[in-house]
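Keep in mind that this is a model prediction, so the values were computed, not measured.
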Amino acid sequence: MTQHQPIALNAIYTSICRLSKDRITDTGRFIDIQIDVFVDGQLAWECTSTFLQKTKKPGTARVSQRSGSVQIMNTATSNSFEPISSFKFSSFDAYKYAYVSKDTNPIHLHFIPAKIMGFKASIVHGMFAKARVLAQLENLIDIQHISIDVQFKNAIFLPAQVCLNVVLSQQNNTFSLTDLNQDVTHLTGVITPLLNKTN
């Protein structure tokens, strides 16, 4: 996800969504969805989301890990992360995020549909968890002109208290969101500042 410039609350924007890649691997079918947001004809925000459809039979081809941010993330070991904050997620938070985002997937709002889908309880929306991470880092880095690569590892079951761990540098900022005991990693990511800032 790359934000080239801030988008004003009253901005009129054009959003284009398209299938960018579709490939079969031994794990299943990977589908990349590309979303571009334009304001006044200028690209303001873009995102690539990768979805996995697991299959019972192994595929005939393999796909290698994406380079770049994945390699950067691997350079930061768990020992080098510095815990900077902890915060909570509540069921009410999930309702508020659903209201703001208009994403009312029931697995985030009630434990019954979550259990039907194989979860032990309702879970935090991944985009909500990412947004909370950026909010926590807002006073430490410029989040208005960045590219962020996030990998979602393990679900955050509601209610929950999590720990944000970071490694800050001029080149990139690596983070992980874990449980308080640092035993379960919920998501990891790399935030890279854009060199060609547009103010």
Side-chain angles (χ1 to χ4, degrees), residues 1-3 25-28 30 47-52 54 63-98 100-101 103 105-111 113-115 117-144 146-193:
M1 183 179 299
T2 300
Q3 178 167 290
T25 73
D26 289 345
T27 306
F30 284 88
C47 168
T48 302
S49 296
T50 302
F51 300 90
L52 169 63
K54 292 185 177 180
V63 60
S64 61
Q65 281 189 322
R66 286 183 296 174
S67 59
S69 60
V70 174
Q71 293 179 351
I72 294 172
M73 289 164 61
N74 291 337
T75 62
T77 65
S78 58
N79 293 331
S80 62
F81 279 115
E82 178 184 354
I84 63 167
S85 66
S86 64
F87 50 90
K88 297 180 179 180
F89 289 104
S90 69
S91 297
F92 186 59
D93 291 330
Y95 280 107
K96 289 190 294 183
Y97 180 79
V100 171
S101 67
D103 186 337
N105 188 334
I107 65 173
H108 304 303
L109 303 177
H110 200 277
F111 72 92
K115 286 188 174 182
M117 295 302 295
F119 300 101
K120 66 180 182 181
S122 56
I123 63 174
V124 175
H125 196 296
M127 292 294 102
F128 180 33
K130 178 195 68 65
R132 285 291 299 271
V133 168
L134 288 176
Q136 294 289 315
L137 295 176
E138 189 172 11
N139 293 328
L140 298 177
I141 63 175
D142 174 19
I143 66 170
Q144 297 299 329
I146 60 169
S147 179
I148 179 171
D149 192 321
V150 180
Q151 292 187 340
F152 301 97
K153 303 288 189 177
N154 295 284
I156 304 174
F157 297 106
L158 290 168
Q161 186 168 1
V162 294
C163 180
L164 175 60
N165 314 279
V166 300
V167 178
L168 301 179
S169 71
Q170 292 183 345
Q171 290 76 27
N172 57 70
N173 302 286
T174 308
F175 65 86
S176 69
L177 195 64
T178 67
D179 67 335
L180 291 182
N181 296 325
Q182 308 276 347
D183 294 327
V184 178
T185 299
H186 300 298
L187 59 89
T188 59
V190 174
I191 301 172
T192 306

Tell me the closest heavy-atom pair linking [X] and [Y], and the distance in Å.
{"X": "Thr25", "Y": "Phe30", "value": "OG1-CE1, 3.2 Å"}
{"X": "Ile107", "Y": "Ala114", "value": "O-CB, 3.7 Å"}
{"X": "Pro193", "Y": "Gln171", "value": "CD-O, 3.3 Å"}
{"X": "Thr174", "Y": "Val190", "value": "OG1-CG2, 4.1 Å"}

Distance in Å, [X] [atom1] paired with [Y] [atom2], rounded so as to fall on 0.5 Å steps:
{"X": "Leu158", "Y": "Tyr95", "atom1": "CG", "atom2": "OH", "value": "10.0 Å"}
{"X": "Ser91", "Y": "Phe111", "atom1": "OG", "atom2": "CZ", "value": "10.5 Å"}
{"X": "Ile156", "Y": "Ser122", "atom1": "CD1", "atom2": "OG", "value": "12.0 Å"}
{"X": "Phe89", "Y": "His125", "atom1": "CZ", "atom2": "NE2", "value": "12.0 Å"}
{"X": "Leu52", "Y": "Thr27", "atom1": "CG", "atom2": "OG1", "value": "6.5 Å"}
{"X": "Ile84", "Y": "Cys163", "atom1": "CD1", "atom2": "SG", "value": "8.5 Å"}

Check against side chain to side chain contact (heavy atoms under 4.5 Å, CB included), Ile123 and His108: CA-CA 5 Å; Ile123 63 174; His108 304 303; 3.6 Å; yes

Does [X] use its side chain to pair, donor to acceptor, with the backbone of [Y] at less than 3.5 Å?
{"X": "Asn173", "Y": "Phe175", "answer": "no"}
{"X": "Asn172", "Y": "Thr192", "answer": "no"}
{"X": "Gln161", "Y": "Lys88", "answer": "no"}
{"X": "Asp179", "Y": "Val184", "answer": "yes"}

Validation row: Met127, Asp103 side chains within 4.5 angstrom (heavy atoms): no

Within-4.5 Å side-chain heavy-atom neighbours: Ser86 and Leu180: yes

Derivation of the side chain to side chain contact (heavy atoms under 4.5 Å, CB included) call for Ile148 and Leu134: CA-CA 10 Å; Ile148 179 171; Leu134 288 176; 4.0 Å; yes

Those residues that, when tested against Lys96, pass salt bridge (charged side-chain N to carboxylate O under 4.0 Å, His left out) (two or more places apart): Asp93

Whether Tyr97 and Phe128 hold their rings parallel, tilted or perpendicular, with breakpoints at 30° and 60°: parallel

Worked verdict on Asn165 versus Gln182 for side chain to side chain contact (heavy atoms under 4.5 Å, CB included): CA-CA 9 Å; Asn165 314 279; Gln182 308 276 347; 2.9 Å; yes

Stepwise side chain to side chain contact (heavy atoms under 4.5 Å, CB included) test for Thr188 and Lys153: CA-CA 7 Å; Thr188 59; Lys153 303 288 189 177; 3.5 Å; yes

